[in-house]
Colleague: 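Pasting in a structure now, in structure tokens, and then I'll have a few things to ask.
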There are 4 protein chains.
Amino acid sequence: MRTKDEVKHDAIIQATIKLVNKIGFVSSSVSKIAKEAGVSPATLYIYYKNKEDLLTSTYVSIKQLMGKVLLKELDDSQPIRDSLKKIWLNLFDFTRENPEYFQFTEQFANSPYSDLVKRTEVEKYFEPLSRIVIRGIEQKIIKDISFDVLRAFYFHPAMVLSNARLCQEFKSTPENVEAAFNLAWDAIRL
Amino acid sequence: MRTKDEVKHDAIIQATIKLVNKIGFVSSSVSKIAKEAGVSPATLYIYYKNKEDLLTSTYVSIKQLMGKVLLKELDDSQPIRDSLKKIWLNLFDFTRENPEYFQFTEQFANSPYSDLVKRTEVEKYFEPLSRIVIRGIEQKIIKDISFDVLRAFYFHPAMVLSNARLCQEFKSTPENVEAAFNLAWDAIRL
Amino acid sequence: MRTKDEVKHDAIIQATIKLVNKIGFVSSSVSKIAKEAGVSPATLYIYYKNKEDLLTSTYVSIKQLMGKVLLKELDDSQPIRDSLKKIWLNLFDFTRENPEYFQFTEQFANSPYSDLVKRTEVEKYFEPLSRIVIRGIEQKIIKDISFDVLRAFYFHPAMVLSNARLCQEFKSTPENVEAAFNLAWDAIRL
Amino acid sequence: MRTKDEVKHDAIIQATIKLVNKIGFVSSSVSKIAKEAGVSPATLYIYYKNKEDLLTSTYVSIKQLMGKVLLKELDDSQPIRDSLKKIWLNLFDFTRENPEYFQFTEQFANSPYSDLVKRTEVEKYFEPLSRIVIRGIEQKIIKDISFDVLRAFYFHPAMVLSNARLCQEFKSTPENVEAAFNLAWDAIRL
DNA sequence: GATGAATGAGCCTTCATTCAT
DNA sequence: GATGAATGAAGGCTCATTCAT
């Protein structure tokens with residue numbers, strides 16, 4: 001018997017990301033994705049249960065990768081501010097080097113498809129971040145306020161500034177990112 | 001000539017908002033909107049050039065209303081911090097009282113349709129806000145940093161916290177809003 | 001506004017019958033039917049909810065017509081045998097003059113689609129026949145046995161003999177039909 | 001060479017019958033049948049040329065079995081009526097003990113697939129029955145009328161009464177079957 | 001012999017839009 | 001102005017069959 005062709009599988013994933021970025025979620029039909037990937041529409045259903053599965057799986061796997069990249073090289077012994085700054089820098093590195101991955105997740109997160117992914121399914125990949133924040137609160141370094149609020153001032157601004165569509169002026173040079181991080185830190189620190 | 005029926009026109013707008021909120025952008029077809037509004041699909045094309053026109057027009061007019069509400073009762077003589085706080089409070093008032101309007105704009109802003117609306121077309125309704133910020137920078141009250149960054153820490157967090165889908169824990173009580181605003185202010189102030 | 005085009009509706013019905021007879025239920029796709037009728041596939045959905053509705057409605061309306069034709073010119077005062085014979089003759093007249101209608105109902109009745117039609121929905125058009133049979137039983141002219149059995153010997157043989165596919169030898173001349181009816185009568189009479 | 005696996009072959013046949021009975025001819029796809037049988041779709045094509053071959057072969061082999069069962073224990077010396085009655089009883093025994101086989105053949109016989117099976121291919125298994133009938137005619141016991149007509153009154157009613165879908169009231173108890181057979185006999189005897 | 005991967009063609013249905021009244 | 005009818009194109013998905021191992 002023939003074995004699953006990982007090259008083909010990867011072509012499907014890349015085609016999905018590329019097409020969604022180019023023409024949006026709504027217009028990205030299964031047959032267009034298949035054509036872009038150079039396979040038959042039917043082939044797609046060997047790797048995924050249906051269109052929803054294709055899109056959510058792609059999203060989750062990118063988020064998993066993001067989690068790994070953002071939280072790498074973290075050292076529990078270093079100051080909390082340094083950890084949080086490192087994560088920011090990692091994020092901007094990631095979005096600079098994988099703009100198409102990042103753009104896909106942003107589009108996905110704001111599409112109705114995102115309701116189909118359990119929040120915990122994604123949040124688990126960022127769990128170490130929560131632990132840092134909690135530690136910061138315990139050590140009276142970070143404001144004792146709900147996680148939703150802290151996220152709105154620590155994580156979301158970074159996402160927004162990374163998003164070329166939303167912020168066309170902001171260029172993510174090390175200086176700019178550092179300057180912007182200062183605002184995040186001023187917001188959340190005690 | 002007969003005059004267009006404003007009752008009918010309004011029914012179309014309300015149906016659009018209601019349906020998009022209920023079943024999402026992708027599933028909201030013209031005929032479903034027409035049925036929800038109690039008119040013929042063809043009637044819709046009397047009021048709008050096409051589906052794109054319907055959606056973008058609806059979006060822009062809500063944004064115009066939002067601008068009016070957010071920037072009301074502002075007094076150039078009052079402290080900048082007070083003005084910015086007032087705008088926050090106005091935003092949470094608006095989203096509390098018009099959740100369906102707000103939800104629609106959030107969905108729209110993250111759909112591919114949003115690319116069809118010129119940024120300036122919407123930004124002009126929030127122009128007074130820029131002036132306040134500029135004044136704050138000139139008076140050395142607000143950090144001298146690009147507007148994209150300031151918006152990422154002043155405006156976006158408020159939008160995120162208003163969005164029930166994104167922030168399920170955060171309840172917009174006056175105390176919570178005030179507490180969250182403090183983070184915004186800490187972020188942008190000098 | 002445009003009014004429903006009955007010519008077009010009839011074209012759809014005739015195309016359905018013709019195609020199902022020619023290539024069978026399984027192969028008769030909506031688009032083939034539409035093409036045969038000279039309309040767009042979408043047009044078909046103006047007249048029918050879906051494919052199932054198209055097929056069942058067509059079946060039921062033919063059965064209604066059959067009921068009318070088979071039971072016409074019946075006279076309660078005439079002998080029961082004459083009434084039952086008249087119905088047989090009417091049936092063979094009908095199948096001779098409307099072979100495509102008859103063939104369609106036979107195919108339908110033995111397809112899984114037939115489960116979608118309530119038995120009573122069709123049986124009501126043949127109700128006078130039951131009444132004759134019941135009268136015959138009461139008058140001790142017809143055997144007192146369950147209706148299923150009587151139908152199996154009175155009605156089904158006529159259907160089978162009418163069916164060109166099942167009975168290729170039998171020709172429905174008046175003499176042949178009369179001769180065959182004698183068997184039916186011998187079967188059910190007391 | 002390797003020998004075909006009869007266990008596997010039988011699994012395919014049983015899966016075909018089971019699935020066609022459960023979901024109908026139209027919905028019974030090759031891959032569903034393969035899955036039900038626990039084999040690969042490709043395996044199926046080792047045993048059968050194509051789907052048509054699978055279905056027709058299954059049909060013919062059941063019919064062959066039916067012929068054997070119906071015509072067993074027949075004695076040319078016994079009265080013709082007894083022989084014909086015995087066949088009836090055998091048929092009801094068969095359908096009672098093998099309802100799924102019977103149901104399959106009934107579905108098949110009324111599907112377009114049945115046209116693909118030559119009539120003689122099946123009829124040969126019931127040839128002894130014809131001989132009995134011919135003998136009956138020669139002995140002036142059975143009406144001298146075409147075989148199509150005799151079959152319509154002798155064989156078809158039994159099939160109809162056996163078919164649970166068509167006759168929901170009739171229960172095939174020995175008494176009921178005997179009573180019904182009397183109608184068949186009355187119909188065809190001289 | 002046996003298999004899961006792979007496919008182009010086709011399935012039913014809905015789409016955004018225009019037509020004819 | 002307003003409408004329901006009408007449509008070609010496209011939607012997601014499954015089909016019977018063959019390929020490659």
Side-chain angles (χ1 to χ4, degrees), chain A residues 1-6 8-9 26-35 38-54, chain B residues 1-5 8-9 26-35 38-55, chain C residues 1-6 8-9 26-35 38-54, chain D residues 1-5 8-9 26-35 38-55:
Chain A
M1 75 142 194
R2 217 187 269 185
T3 53
K4 261 182 195 168
D5 186 344
E6 275 312 314
K8 209 161 282 186
H9 188 177
V26 186
S27 308
S28 295
S29 69
V30 170
S31 50
K32 283 181 193 161
I33 293 173
K35 185 169 285 178
V39 301
S40 161
T43 303
L44 218 140
Y45 288 85
I46 294 168
Y47 295 89
Y48 299 96
K49 208 154 37 87
N50 50 32
K51 189 189 180 183
E52 175 186 320
D53 185 26
L54 163 64
Chain B
M1 77 148 194
R2 268 180 245 177
T3 54
K4 287 186 187 173
D5 184 340
K8 209 161 280 186
H9 189 177
V26 186
S27 308
S28 293
S29 69
V30 170
S31 32
K32 284 181 191 160
I33 292 173
K35 183 170 286 177
V39 302
S40 162
T43 304
L44 218 139
Y45 287 82
I46 295 168
Y47 294 88
Y48 298 96
K49 204 153 43 89
N50 51 30
K51 189 187 181 183
E52 175 187 320
D53 184 25
L54 163 65
L55 293 173
Chain C
M1 73 140 200
R2 217 186 268 187
T3 52
K4 259 182 195 166
D5 185 342
E6 274 312 315
K8 208 162 280 186
H9 188 176
V26 186
S27 308
S28 295
S29 69
V30 170
S31 50
K32 282 181 194 162
I33 292 173
K35 184 167 286 179
V39 301
S40 162
T43 303
L44 219 140
Y45 288 84
I46 294 168
Y47 295 89
Y48 299 96
K49 207 155 36 88
N50 50 31
K51 188 188 181 183
E52 175 186 321
D53 185 26
L54 164 65
Chain D
M1 75 152 198
R2 269 181 243 178
T3 55
K4 287 185 188 173
D5 183 342
K8 209 161 280 185
H9 188 175
V26 186
S27 308
S28 294
S29 71
V30 170
S31 32
K32 283 182 192 162
I33 291 172
K35 182 170 286 177
V39 301
S40 161
T43 303
L44 218 139
Y45 286 83
I46 295 168
Y47 295 87
Y48 298 97
K49 204 154 39 93
N50 51 30
K51 189 187 183 184
E52 175 186 320
D53 184 26
L54 163 65
L55 293 174

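Each chain gets a letter, A, B and so on, in the order the sequences are listed, and its residues count up from 1.
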Colleague: Nearest 0.5 Å, what's the NZ-CD1 distance between B:Lys51 and B:Ile33?
Modeller: 6.0 Å
Colleague: Using the six-membered ring wherever Trp is involved, compare the ring planes of D:His9 and D:Tyr47 and label them parallel, tilted or perpendicular (cut-offs 30° and 60°).
Modeller: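 Geometry flag for D:Tyr47 against D:His9: tilted rings.
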Colleague: Closer to the 5' end of DNA chain F via nearest nucleotide, is it C:Ile46 or D:Ser28?
Modeller: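 Per heavy-atom nearest nucleotide, the more 5' residue is C:Ile46.
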Colleague: Determine whether a donor-acceptor pair (one donor, one acceptor, N or O, separation below 3.5 Å) exists between the side chain of B:Ser40 and the base of F:dG4.
Modeller: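 Check passes, donor-acceptor contact within cut-off.
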Colleague: Does A:Ser27 reach the side chain of A:Lys32, with side-chain heavy atoms less than 4.5 Å apart?
Modeller: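 Side-chain contact under 4.5 Å: yes.
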Colleague: Output yes when at least one side-chain N/O atom of C:Lys32 is less than 4.0 Å from OP1 or OP2 of E:dG10, else no.
Modeller: no
Colleague: Rounded to whole Å, how long is the line connecting atom OH of D:Tyr47 with atom P of E:dG1?
Modeller: 8 Å
Colleague: Take the protein atom OH of A:Tyr45 and the nucleotide atom P of F:dG12, then report the distance between them rounded to whole Å.
Modeller: 7 Å
Colleague: Where the side chain of A:Lys51 is concerned, which of E:dT3, F:dA16, F:dC13 is the nearest nucleotide?
Modeller: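 Within the option list, the nearest is F:dC13.
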Colleague: Just how far, in rounded Å, is P of E:dG1 from NE2 of D:His9?
Modeller: 13 Å
Colleague: Starting at CG of D:Leu54 and ending at P of F:dC15, how long is that distance when rounded to a whole Å?
Modeller: 15 Å
Colleague: Classify the nucleic acid contact of D:Val30 as base, sugar-phosphate or nothing, counting any heavy atom under 4.0 Å across all strands shown.
Modeller: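 Counting heavy atoms under 4.0 Å across all strands, the contact made by D:Val30 includes a base.
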Colleague: Please determine, for F:dA5, whether a Watson-Crick or G-U wobble partner exists with both distances under 3.5 Å, and give it or none.
Modeller: E:dT18
Colleague: Which nucleotide in the list E:dA2, F:dA6, F:dA2 gets nearest to the side chain of C:Arg2?
Modeller: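 Closest nucleotide to the C:Arg2 side chain: F:dA6.
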Colleague: Does E:dC15 have OP1 or OP2 sitting under 4.0 Å from an N or O in the side chain of B:Ser29?
Modeller: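 Yes, such a contact exists.
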Colleague: Rounded to whole angstroms, how far apart are CG on D:Asp5 and C1' on E:dT3?
Modeller: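 Spelled out: CG on D:Asp5 to C1' on E:dT3 is 14 Å.
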Colleague: If you assign A:Asn50 and C:Pro41 each to the DNA chain F nucleotide with the nearest heavy atom, which residue ends up on the more 5' nucleotide?
Modeller: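 Looking at the nearest nucleotide for each, C:Pro41 comes out on the 5' side.
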Colleague: Would you name the heavy atoms of D:Val39 and D:Thr43 that are closest together and state the gap between them?
Modeller: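 Looks like CB-CB, 4.1 Å.
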Colleague: Select base, sugar-phosphate, or nothing to describe what B:Tyr48 touches, counting heavy atoms under 4.0 Å on all strands.
Modeller: nothing
Colleague: On DNA chain E, does the nearest nucleotide to A:Thr3 precede the nearest nucleotide to C:Glu52 from the 5' side, or the other way round? Give the residue.
Modeller: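 The answer here is A:Thr3.
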Colleague: Whole angstroms only, please: what is the NZ-P distance between C:Lys8 and E:dC19?
Modeller: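 Between P of E:dC19 and NZ of C:Lys8: 14 Å.
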Colleague: Can you tell me the distance, in whole Å, between the CG atom of D:Asp53 and the P atom of F:dT17?
Modeller: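 Value for this atom pair: 10 Å.
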Colleague: Taking 4.0 Å as the cut-off, does a side-chain nitrogen or oxygen of B:Thr43 come that near to OP1 or OP2 on F:dT3?
Modeller: yes
Colleague: Is the phosphate of F:dT18 approached by D:Lys49 (side-chain N or O, under 4.0 Å from OP1 or OP2)?
Modeller: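 So the side chain of D:Lys49 is outside the cut-off, no N or O lying under 4.0 Å from OP1 or OP2 of F:dT18.
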Colleague: Kindly point out which of E:dA16, F:dT17, F:dG11 is positioned nearest to the side chain of A:Ser31?
Modeller: F:dG11
Colleague: Looking at CD1 of A:Ile46 and CG of A:Leu44, how far apart are the two atoms once the value is rounded to the nearest 0.5 Å?
Modeller: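 The CD1 atom of A:Ile46 sits 9.0 Å away from the CG atom of A:Leu44.
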Colleague: Kindly compute the distance separating OG (B:Ser40) from NZ (B:Lys35), expressed to the nearest 0.5 Å.
Modeller: 11.5 Å
Colleague: Counting side-chain heavy atoms from CB outward, which of E:dC12, E:dA2, E:dG8 is closest to A:Ala42?
Modeller: E:dG8
Colleague: Using whole Å, report how far NZ of B:Lys35 lies from P of E:dA16.
Modeller: 13 Å
